[in-house]
Amino acid sequence: IERYKKPLVILPQSIGPLKRWWEKMLLRRVYSSARRIFLRDEKSLELAKELGLPIEKVSYSPDLALGLQSSDPVLALDVLRKFGVDLERPKLGVTLISKMNRSFDSRAIENYYTVLETSLASFARGNSFQIIFFDQVKGPTLVEDDSIPTARMAERLQRIGIDAIHLDQNLHLHLLKACYGQMDIFLATRLHSGIYAIGMTVPTLFIGYLTKTQGFVRSLMLEDDFIDLKDLSKASLQAKLETLWINRTAKRAHLAKVLAQAQQQQAESVELLRKDFLNV
């Protein structure tokens, strides 16, 4: 940045968690040279203050993925029909996470898979749901490929008579978001799958595995629809899913307001940048 004499702008993202002193030092050094630092969640804003980043440079701005344009819903419906989705029945969209090397305690991740499988089976039976599994992330390594545990869970649910479908096709983001928009409710462990779903006003329950997810839902005042992975239990997950389904109409209306406010906040961020660059 210094060599090319170009201004540095950090577009909305999360920072942290930072566990090592040199991580904090490097981030503080690089980000302090930025002209603007936009952070997308409260946890990141708290960390920025803790690190001593210049407060006048730091601003909150919602994740840009909220505004990603979705494909034509007709295309999404064609994809869903191809995989056997019954468009007349209630549909629960789901994204899982892979084991991701040593990122998680092995007991926590095994509990996660067990709780999701048993809870989804109970919820589907009790509400006559189809469960549609999507692959939000596939790689770059096998342990980071969500499609592997997703295929296994879908197969196990099918074996016990649950109407579960694994939509194991690589879709571009616009079409993926359009498919999420056809779900009645959504269970998202991958953060951006949840961002795409709420961007389509689909009531969504987030399972958080890093601080960024909790910070994101807190910033949008959606914490009621959040469970931390380490606190996950069958009782808590089923209760949250039932609440999401029962209150889906009100939650859709609330999400529409959340999105309108987010668009306004993003517009304010753009105006800040416009003023900055007019005065270059």
Side-chain angles (χ1 to χ4, degrees), residues 65 68 70-98 112-138 145-207 225 227 232 234 237-238 240-249 251-252 255:
L68 178 76
S70 67
S71 296
D72 189 323
V74 172
L75 298 177
L77 292 172
D78 286 344
V79 169
L80 295 173
R81 287 192 190 97
K82 173 185 172 183
F83 279 87
V85 175
D86 184 347
L87 300 174
E88 301 303 316
R89 287 181 58 193
K91 297 170 291 298
L92 167 61
V94 179
T95 58
L96 305 181
I97 51 168
S98 59
Y112 162 77
Y113 290 136
T114 300
V115 167
L116 256 69
E117 187 173 327
T118 56
S119 299
L120 290 174
S122 295
F123 183 76
R125 286 194 183 106
N127 297 281
S128 190
F129 259 80
Q130 265 194 326
I131 301 174
I132 319 300
F133 289 98
F134 295 92
D135 300 329
Q136 177 74 23
V137 175
K138 300 188 74 169
D145 188 343
D146 296 347
S147 69
I148 296 173
T150 300
R152 290 172 181 161
M153 187 175 295
E155 289 169 6
R156 286 195 296 267
L157 288 171
Q158 289 164 1
R159 283 200 297 267
I160 62 172
I162 301 302
D163 192 354
I165 293 172
H166 180 200
L167 204 153
D168 56 344
Q169 179 178 336
N170 286 326
L171 303 176
H172 64 74
L173 297 181
H174 307 281
L175 183 53
L176 191 61
K177 183 173 181 177
C179 287
Y180 292 172
Q182 297 302 317
M183 301 297 104
D184 293 285
I185 59 174
F186 206 93
L187 174 61
T189 310
R190 284 294 185 183
L191 174 59
H192 274 86
S193 68
I195 292 175
Y196 295 157
I198 67 172
M200 300 296 287
T201 66
V202 175
T204 300
L205 175 60
F206 290 82
I207 297 177
D225 298 327
I227 305 176
L232 194 63
K234 183 179 178 181
L237 182 55
Q238 285 194 227
K240 291 279 190 181
L241 285 173
E242 292 288 350
T243 299
L244 199 68
W245 175 237
I246 292 168
N247 298 308
R248 60 192 179 280
T249 302
K251 287 185 178 292
R252 276 190 179 273
L255 285 174

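In this text, all values refer to a predicted model and were calculated from it rather than measured experimentally.
In this structure, A197 and F186 approach most closely via the heavy-atom pair CB-CG, 3.8 Å. Nearest heavy-atom pair, P149 versus S98, reported as atom, atom and distance to 0.1 Å: CG-CA, 4.0 Å. Contact record, F206 with G194: CE2-CA, 3.5 Å, taken as the closest heavy-atom pair. Closest heavy-atom contact between Q136 and S193: OE1-CB, 3.4 Å. Between G181 and M200, the closest heavy-atom pair is CA-CB, 3.6 Å. Taking every heavy atom of both residues into account, L171 and L175 meet most closely at CD2-CD2, 3.9 Å.
A donor-acceptor distance shorter than 3.5 angstrom exists from the side chain of T189 to the backbone of T95, with no hydrogens or angles considered. Panel note: side chain S70, backbone A178; no donor-acceptor pair is recorded below 3.5 Å.
Separating the CD1 atom in I131 from the CE atom in M153 is a distance of 9.5 Å, to the nearest 0.5 Å. Taking CG of L187 as the start and CZ of F123 as the end, the distance is 9.5 Å to the nearest 0.5 Å. One distance of note links CD of Q169 with SG of C179; it measures 8.5 Å at 0.5 Å rounding. One distance of note links CZ of R81 with CG of D86; it measures 10.5 Å at 0.5 Å rounding. Between the OG1 atom in T243 and the NZ atom in K251 there is a gap of 7.5 Å [rounded to 0.5 Å]. The line from CZ of F83 to CZ of F133 is 14.5 Å long, rounded to the nearest 0.5 Å.
In this structure, K240 does not pair ionically with D225, as no charged nitrogen and carboxylate oxygen lie closer than 4.0 Å.
Listed by first and then second residue, the salt bridge (charged side-chain N to carboxylate O under 4.0 Å, His left out) pairs involving residues 173-189 are K91-D184 (not counting sequence neighbours). Listed by first and then second residue, the side chain to side chain donor-acceptor pair (under 3.5 Å) pairs involving residues 152-168 are R89-D163, E117-R156, Q130-D163, D135-H166 (not counting sequence neighbours). Counting only residues at least two apart or in different chains, side chain to side chain donor-acceptor pair (under 3.5 Å) contacts with residues 195-205 comprise T201-R252.
Checking L116, T118, I162 one by one against L157, the side chain to side chain contact (heavy atoms under 4.5 Å, CB included) holds for a single residue, I162.
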Criterion side-chain contact (heavy atoms from CB on, under 4.5 Å) on I132 and V94, from CA distance to verdict: CA-CA 6 Å; I132 319 300; V94 179; over 6 Å; no
Stepwise side-chain contact (heavy atoms from CB on, under 4.5 Å) test for I195 and L68: CA-CA 10 Å; I195 292 175; L68 178 76; over 6 Å; no
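Residues F129 and W245 place their aromatic rings such that the two centres sit under 6.0 Å apart.
I165 is not listed as a side-chain neighbour of F134, based on a closest heavy-atom distance of 4.5 Å or more.
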